[in-house]
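Below, chains carry the letters A, B, ... as their sequence lines are ordered, and counting in each starts from 1.
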2 protein chains.
Amino acid sequence: MKRRNITIKDLARILNISVSTVSRALRDTYDVNQETRQKVVNLANELNYKPNFNATGLAKGSTHNLGIVLPFITNYYFSTVITGIQEVAYNSGYNITLYVTNDSHQRELQILEDLTISNLDGLLICASSDSNSSEYFENIISDGVPIVFFDRVIDTIDTSKVMQDDYNGAFEAVEHLIERGYTKIAHIAGPKGLTFTEKRLNGYKEALIKNNLPITEEWIIHSEFSQESGEKDMDWLLQQNNMPDAIFAVNDRKAIGAMQSLKKHKIIIGKDIGIIGFTNDPMSSIITPGLTTIAEPAYEIGKLSCELLIKHITKTYFHAEEKILPGKLIIRESTIRS
Amino acid sequence: MKRRNITIKDLARILNISVSTVSRALRDTYDVNQETRQKVVNLANELNYKPNFNATGLAKGSTHNLGIVLPFITNYYFSTVITGIQEVAYNSGYNITLYVTNDSHQRELQILEDLTISNLDGLLICASSDSNSSEYFENIISDGVPIVFFDRVIDTIDTSKVMQDDYNGAFEAVEHLIERGYTKIAHIAGPKGLTFTEKRLNGYKEALIKNNLPITEEWIIHSEFSQESGEKDMDWLLQQNNMPDAIFAVNDRKAIGAMQSLKKHKIIIGKDIGIIGFTNDPMSSIITPGLTTIAEPAYEIGKLSCELLIKHITKTYFHAEEKILPGKLIIRESTIRS
DNA sequence: ATGAAAGCGCTAACAG
DNA sequence: CTGTTAGCGCTTTCAT
């Protein structure tokens, strides 16, 4: 119950030098005698000295904590992004602390309000669907805490952003459907107002236009990201007079929902209606038939976001960068017509 | 870039009282005048005062940080546990920081060594498969930092533990197979040496014994937790002379791997070989046929673990508790014989 | 190259 | 009920 850790004071006392020298030695500043430095470092190792982050943080005005704010962690994409972040954070000596918004902007706001910025060196953020926290983000940044956005970025804020190539991914997805001979392509989209939803929608539209296919507004459905939404959307589409022969879903979960609907209605996936998703969730290789999809580089997005954030923290003049990582078409059975 | 936050000093100066009074007012200790308290609290709100955790931590020798150490976060079970933890941590004013071991005991050790305990009020741990960090865990606890284990617990350590009911879940799973008329039941188990693997194995064996079925040692296969392992194990079983007619897999991922193998070999799941998993990963409802499984209360395990940990932190004398949460049989098509 | 001393923001005796 | 003071462990002038 003592919880008494070794401090630089202890080291100083034992070596008969001052704490400031110990401090300098440990941080390897320019003005320490290499000999004393060695002695200090050796003793520190021997005694298993660990710096107290609270003290360092208090003195230097910086912790070694990065915050992550995101809607969920219980899905393939987000948990993989976090793993990527964790990897580089860990290797650079940063801790990460997690804030889950449940995709609610109220919760997001609350978290941001409660956020004791004095605890954080920087923030990685994937905004909630209906985020209206721009002002907070701005404040945080102007308070000197850098933010890097990933996936669901806020356009109006000038800071680094990392995303998959939503536009081209969508474009490629739809062109794949067209190549396979589908011509009546619907889009089960995400909620309105989200940048990446828009980008995927634009990619979809442009691919149609480029291939001289009409854009049919009833075939563009906006709803939540869940599997249930995908299922409902498909149910609805199947009741229309003018039925599509293929679906481009904004993500795999919705594509899978749509597939469930199709199965329920005994419609043969691929042959009757082709379907393509976005993410490459492991589920897409497990469902039958396999779901063709655009693979997102989730792990790399996590790593890159964190690398950028650390640069923002450590370099005084590091300019905001926007990184767009390419996706990759993964062809499975859901887009086979025959 | 200033990053100058309001401090209690500011509040004190403005209100013309001492910092200690402000401090007391903010913490609502017993001996403050309600009137002054109100004034302080009002001003604090107005000025959007946020306490500096580093300072509090330094002064009190406690942070508001909980560490989570676990093998992975990229699967349903773990990400759901974390969500549960996050929920109660957030509501109790604790932050969580994440350490991912990749299920490697080296990494686990390294994390534990690097862990600046001065940063953490407590630790939630799910040990790596081949963990040999007992000594470290003991040290951490005797340094005054409480640990709660979940899922993969270390038996020899005396502290609170939270797990699903592995034994009874396995027992129920196997009895379900027997009820459905399967008699030659194999067990695709997890790695040896893990408590919960043993418990599920025991549940399996006892169910066989209770139903007067022989225990066939070749039908008990130990391997990693991955889908690939499940597939390989099934491949192997299918080559034996003495083939089982049902499989109890230690988790859904392995069950799904086994199903892939079965499909590859054109064996009809349910009819030819029944299969049951453990977890209730959403994948099990998406794969065809649906996978019968034992649902684990992952979210509750997360919540409960965190609640216990907070009790250990806040109550001086809180005795270690072991909680076992029941699972639930979810019947799908993979155990339908006809 | 090293030491003394002040201070980061907060808490906790101790006096009154 | 409130103020004074010392101190948590570390960094950082400023001297020497």
Side-chain angles (χ1 to χ4, degrees), chain A residues 2-41 43-44 47-65 93 116-121 143-144, chain B residues 2-41 43-44 47-65 93 116-121 143-144:
Chain A
K2 323 133 287 183
R3 194 159 179 178
R4 169 89 182 74
N5 287 304
I6 313 238
T7 71
I8 53 171
K9 243 183 203 163
D10 299 323
L11 302 181
R13 192 171 25 76
I14 296 173
L15 292 172
N16 241 311
I17 56 180
S18 76
V19 289
S20 33
T21 305
V22 175
S23 168
R24 280 187 282 249
L26 255 16
R27 279 172 302 135
D28 199 8
T29 57
Y30 61 100
D31 53 356
V32 269
N33 185 322
Q34 281 307 310
E35 228 171 279
T36 31
R37 197 182 92 75
Q38 262 318 321
K39 277 199 296 198
V40 172
V41 171
L43 185 66
L47 264 43
N48 194 25
Y49 163 80
K50 296 282 168 53
N52 180 317
F53 280 19
N54 284 320
T56 326
L58 188 53
K60 296 218 302 191
S62 96
T63 67
H64 261 201
N65 254 219
T116 326
I117 273 166
S118 47
N119 259 334
L120 255 26
D121 281 4
D143 278 354
Chain B
K2 324 134 282 183
R3 196 161 179 176
R4 168 86 181 77
N5 287 303
I6 314 237
T7 71
I8 52 171
K9 242 185 205 161
D10 299 323
L11 301 181
R13 191 170 28 72
I14 297 174
L15 293 173
N16 243 310
I17 55 179
S18 76
V19 289
S20 36
T21 305
V22 175
S23 169
R24 281 187 280 248
L26 256 16
R27 281 172 301 139
D28 199 10
T29 55
Y30 61 100
D31 53 356
V32 268
N33 184 320
Q34 281 307 311
E35 225 171 282
T36 31
R37 198 182 92 75
Q38 262 318 322
K39 277 200 296 200
V40 172
V41 171
L43 185 65
L47 263 43
N48 194 23
Y49 163 81
K50 294 285 167 53
N52 181 317
F53 280 19
N54 284 321
T56 325
L58 228 205
K60 297 218 301 191
S62 97
T63 67
H64 260 202
N65 254 219
T116 326
I117 273 168
S118 47
N119 260 334
L120 255 27
D121 281 2
D143 278 354

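Distance, A:I6 CD1 to D:dC8 P: 16 Å, rounded to whole Å. Taking atom CD on B:Q38 and atom C1' on D:dC1, their separation rounds to 16 Å, with Å as the unit. Whole-Å rounding puts the B:R13 CZ to D:dG3 P distance at 15 Å. Summarising the geometry, the separation between NZ on A:K60 and C1' on D:dT13 is reported as 16 Å, rounded to the nearest angstrom. Rounding to whole angstrom units, CG of residue B:N52 and P of D:dC10 are separated by 16 Å. Between the CG atom of B:L11 and the P atom of D:dT2 there is a distance of 15 Å, given to the nearest Å. We find that CG of A:L26 is positioned 15 Å from C1' of D:dT12, with the value rounded to whole Å. If you measure from atom CG of B:L15 to atom C1' of D:dG3, you get 15 Å, rounded to the nearest angstrom.
At the heavy-atom level, B:T56 lies under 4.0 Å from the strands shown only through sugar-phosphate atoms.
To the nearest 0.5 Å, atoms CG (A:N52) and CG (B:L58) are separated by 5.5 Å. To the nearest 0.5 angstrom, A:E35 atom CD is 6.5 Å from A:K39 atom NZ.
Applying the side chain to side chain contact (heavy atoms under 4.5 Å, CB included) rule to A:L47 yields the partners A:I6, A:L11, A:I14, A:L43; only residues at least two apart in sequence or on another chain are considered. Partners of A:T36 according to the side-chain hydrogen bond (donor to acceptor under 3.5 Å, both in side chains) rule, which considers only residues two or more places apart in sequence or in another chain, do not exist here. Shown here are the side-chain hydrogen bond (donor to acceptor under 3.5 Å, both in side chains) partners of A:T56, two or more places apart in sequence or in another chain: there are none. For the side-chain hydrogen bond (donor to acceptor under 3.5 Å, both in side chains) test, residues two or more places apart in sequence or in another chain that qualify with A:Q34 are A:R37.
Axis orientation changes by 40° from one end of the helix from C:dA1-D:dT16 to C:dG16-D:dC1 to the other, with each end axis drawn from 5 pairs and the value rounded to 10°.
Of all the heavy atoms in A:S18 and A:A12, the pair that sits closest is C-CB, 3.8 Å.
A side-chain donor-acceptor contact under 3.5 Å links A:D121 to the backbone of A:T63.
Between A:L15 and A:V40, some side-chain heavy-atom pair lies under the 4.5 Å cut-off.
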Item to check | Footprint string (nucleotides 1-7 of chain C, 5' to 3'): B base within contact, S backbone only, - free, heavy atoms under 4.0 Å | outcome: BBBB--B
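Listed candidates were D:dT12, D:dC10, C:dT11. Nearest to the side chain of B:S23 is C:dT11. Comparing D:dT12, D:dG9, C:dC10 by their closest approach to the side chain of B:I8 singles out C:dC10.
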